[in-house]
Amino acid sequence: MDTKAEYRNLVQTMGKKEFTFQKMQEYGFWPSDLPTPYERQQNETAQDFENRKRLLEEFQKLSEQISNACQKEREIERKLSALKKQYQDTWDYEKIRSVVAQEIMKESIAKRAERKAERERQKKLKSEAWKKRKAEHIVFIGKGYSSLLGKKETDKERLEERQMPVIETDWQLADALKVEYRTLRYLAYHRDVVAFDNYYRFEIPKKSGGMRQIAAPKTQLKAAQRQILEQILEKAETAEAAHGFRKERSVLTGAMAHEMGPTLLINIDLENFFPTVTFERVRGLFQSFGYSGYIASLLAMICTYCERMPLEVKGETKYIKTSDRILPQGSPASPMITNILCRNMDKRIQGLCKKLGLTYTRYADDMSFSYTGDAEAFAIGSFLGSLEKIIESEGFHMNKEKTHVLRKSNRQYITGIVINNAEIGVPKKWVKILKASIHNAKKLRDSGQDVPEKTVHEISGKIAWLRSVNEKRYQKVIQEGMDFIKSGIEI
């Protein structure tokens, strides 16, 4: 039999773990053909390691559960022991059962009260946190418009590529728009009924008849919209065919892009152009730049409005919502928003026109197409059908009643500019009306009466317009108008 000294030598030589398993195998406690745990650990795969890790975690949980159960058992035994001592001299089991029941009931009531108090505390903490969050951040902008406020991911790289300001919070947005934070909260909140309307609302006559609804933002809102225009919208790409509301572009550049006197000119009007652009489309536009759903929603609220009607309520005028939020026609940001939203449509139409040999330009909702080939051979119906499909698929509508096909024998005009003469001009009737206005104003002044200031401004504006269109061609009437204006200043 091995002595203790031999055992110590073996332990020192083999190591304690190996010696222990050798003896376990000798005495039959560990099968000799089964590898030891240490051998398995040395040779285990990554999967084996994960399985062992999982089993150890489950073993730890079970150990904790057993420990808790044992602790509860010890507590029960302690209480039973205490009761046993208390009632060791009596055999009144009903009394013992009643006392135990009362103790259990007291503990249950105490625990329920404790849980209730904890729930109330958590509820209070949650309420205070929510109030603080509402005070420090915009968390709601109106029913039906707040769905993306939880999306805070900003694509900084995309914004930087476009040289647009990186805005991630509402406080940063207020700084970017140069408004106070409380002003931003007010401007970015939708109300179905308001006592103060942020827009001046009026109508102007359309050239084709009827009235056009205009909503012009008031000072504070207009300033914020202009910041959005200058800092964000003007940095976005627009199609080459767009000539409206762009720097170095105008109705003149749009008209001059076409050849004078084409064999065929087609003018098309988009129906309800600005009202077609909804809050959701504007929000999606700002998201496409790289702004989060949160910031895009706030920007879209500032750039859109809802139509309202005044209503007298208890002697006070209220303005009641009559539409969902849409793009206002009088906002400085609206024209550029439409240009950007029409970018894909413009490119698709440009592709169609290139195939068919047409020149295409667009000024807001006015689209013009000129053709210099054989007008009789051109399939107008087929072209208009293809055009309508593109327009409808891009979320707009063609006003068929305002579609005009003009041949050489007609007066061909693009956004008020006549192009079927040797040089561009304005309609003869328009010039005739201006001449009559100047003549009547002169007669009024010569008779010693005051010419209304509005009349002077109208003449001055029309003269400036003629000079910009073709100063050489209308030199005589321009000079008459200038002499009239100067004579008024001398007086």
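As the structure is a prediction and not an experimental result, all values here were calculated from the model.
- Lys321 NZ: more than 12 foreign heavy atoms inside a 6.0 Å radius.
- Note that CD of Glu480 is 6.0 Å distant from CD1 of Ile438, once rounded to the nearest 0.5 Å.
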Derivation of the side chain to side chain contact (heavy atoms under 4.5 Å, CB included) call for Arg362 and Cys342
CA-CA 10 Å; Arg362 180 181 59 80; Cys342 288; 3.6 Å; yes

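- The nearest pair of heavy atoms linking Leu406 to Gln412 is O-NE2, 3.2 Å.
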Listed pairs under 3.5 Å, donor-acceptor, residues 223-234 side chains, sequence neighbours left out:
from, atom 1, to, atom 2, distance (Å)
Gln225, OE1, Ser331, OG, 2.9
Gln225, NE2, Tyr199, OH, 3.1
Gln225, NE2, Ile302, O, 3.0
Gln227, OE1, Gln231, NE2, 2.8
Gln231, NE2, Ala176, O, 2.6

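- Shown here is Glu259, whose CD atom has no more than 12 heavy atoms of other residues, nucleotides or ligands within 6.0 Å.
- Under the side-chain contact (heavy atoms from CB on, under 4.5 Å) criterion, Glu114 pairs with no residue, sequence neighbours left out.
- Aromatic ring centroids of Phe245 and Tyr363 lie under 6.0 Å apart.
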When the side chains of residues 374-391 are checked against the rest of the protein, which donor-acceptor pairs come out under 3.5 Å, sequence neighbours left out?
from, atom 1, to, atom 2, distance (Å)
Asp374, OD1, Glu376, N, 3.1
Ser386, OG, Ser382, O, 3.2
Glu388, OE2, Lys400, NZ, 3.3

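- Heavy-atom contacts from other residues, nucleotides or ligands closer than 6.0 Å to CE of Met260 number more than 12.
- Under a cut-off of 6.0 angstrom, the local environment of CD in Gln475 is sparse, with at most 12 non-hydrogen atoms contributed by other residues, nucleotides or ligands.
- Here Gln122 pairs with Glu118, Leu125 under the side-chain contact (heavy atoms from CB on, under 4.5 Å) rule; sequence neighbours left out.
- Between the side chain of Asp346 and the backbone N or O of Ala239, no donor-acceptor pair lies under 3.5 Å.
- Checking side-chain atoms of Ser292 against main-chain N and O of Ile295 turns up a donor-acceptor pair under 3.5 Å.
- Residue-environment remark: NZ (Lys408) exceeds the threshold of 12 foreign heavy atoms within 6.0 Å.
- Residue Leu177 holds its CG atom at 11.5 Å from CD of Gln220, rounded to the nearest 0.5 Å.
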Can you check side chain to side chain donor-acceptor pair (under 3.5 Å) on Tyr181 and Arg185, steps first, answer last?
CA-CA 6 Å; Tyr181 181 70; Arg185 294 180 72 104; 3.2 Å; yes

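- Nearest heavy-atom pair, Ala195 versus Glu316, reported as atom, atom and distance to 0.1 Å: CB-OE2, 3.9 Å.
- The main-chain N or O of Asn410 is found under 3.5 Å from a side-chain atom of Asn420 such that the two form a donor-acceptor pair.
- Note that Arg411 lies in the cation-pi zone of Tyr413, set by a 6.0 Å cut-off to the ring centre and a 45° limit from the axis.
- Just one of Lys354, Arg246, Arg249 meets the salt bridge (Lys or Arg N to Asp or Glu O under 4.0 Å) condition when paired with Glu240; it is Arg249.
- More than 12 heavy atoms of other residues, nucleotides or ligands lie within 6.0 Å of CD in Glu107, so this atom counts as buried by the packing criterion.
- When atom types are taken as modelled, the side chain of Arg283 and the backbone of Leu299 share no donor-acceptor pair closer than 3.5 angstrom.
- In this structure a side-chain-to-backbone donor-acceptor pair under 3.5 Å is missing from Ser460 to His457.
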Could you pull out all donor-acceptor pairs under 3.5 Å where a side-chain atom in residues 366-373 meets a protein atom, sequence neighbours excluded?
from, atom 1, to, atom 2, distance (Å)
Ser368, OG, Asn267, OD1, 2.9
Ser370, OG, His258, ND1, 2.7

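- A donor-acceptor contact shorter than 3.5 Å is absent between the side chain of Ser334 and the backbone of Gln329.
- Distance alone, capped at 3.5 Å, is enough to place a donor-acceptor pair between the Tyr145 side chain and the Arg325 backbone.
- The aromatic rings of Phe273 and Phe396 are tilted relative to each other, their planes meeting at an angle between 30° and 60°.
- Between the Lys318 side chain and the Val193 main chain, no donor and acceptor come within less than 3.5 Å of each other.
- Under the 4.0 Å criterion applied to side-chain N and carboxylate O atoms, Glu153 and Lys151 are not assigned as salt-bridge partners.
- Checked by atom type, the side-chain pair Arg348/Ser393 shows a donor-acceptor distance below 3.5 Å.
- When all heavy atoms are compared, the tightest approach of Ala215 to Tyr305 is CB-CE1, 3.5 Å.
- A salt bridge does not link Arg343 to Glu394: none of the charged side-chain nitrogens sits closer than 4.0 Å to a carboxylate oxygen.
- Atom CZ of residue Phe289 and atom CD1 of residue Ile167 lie 12.0 Å apart, to the nearest 0.5 angstrom.
- Judged by distance alone, with hydrogens and angles left aside, the side-chain atoms of Tyr294 form a donor-acceptor pair with the main-chain N or O of Ile138 at under 3.5 Å.
- Taking all atoms of both residues into account, the shortest heavy-atom contact from Arg308 to Tyr319 is NH1-O, 3.3 Å.
- Counting non-hydrogen atoms of neighbouring residues, nucleotides and ligands closer than 6.0 angstrom, the CD atom of Glu453 reaches no more than 12 such neighbours.
- Judged by distance alone, the side chain of Arg281 and the main-chain N or O of Gly395 form a donor-acceptor pair under 3.5 Å.
- Residues Ile463 and Val477 come closest through the heavy atom pair CD1-O, 3.7 Å.
- Residues satisfying the side-chain contact (heavy atoms from CB on, under 4.5 Å) test with Glu58, not counting sequence neighbours, are Arg54, Leu55.
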CA sep, side-chain torsions, deciding dist, call: Ile326, Phe274, side chain to side chain contact (heavy atoms under 4.5 Å, CB included):
CA-CA 7 Å; Ile326 53 177; Phe274 283 88; over 6 Å; no

Verify side chain to side chain contact (heavy atoms under 4.5 Å, CB included) between Lys402 and Asp365, making sure each step is shown before the conclusion.
CA-CA 11 Å; Lys402 293 185 180 180; Asp365 55 352; over 6 Å; no

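- Put simply, CG on Leu285 and OH on Tyr291 are 11.0 Å apart, with the number rounded to the nearest 0.5 Å.
- The local environment of NZ in Lys432 is sparse, with at most 12 non-hydrogen atoms from other residues, nucleotides or ligands closer than 6.0 Å.
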Chi angles and distances behind the salt bridge (Lys or Arg N to Asp or Glu O under 4.0 Å) call for Lys156, Glu168
CA-CA 9 Å; Lys156 295 182 182 179; Glu168 298 183 272; 3.6 Å; yes

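- Among all heavy-atom pairs drawn from Val426 and Tyr474, the shortest one is N-OH, 2.9 Å.
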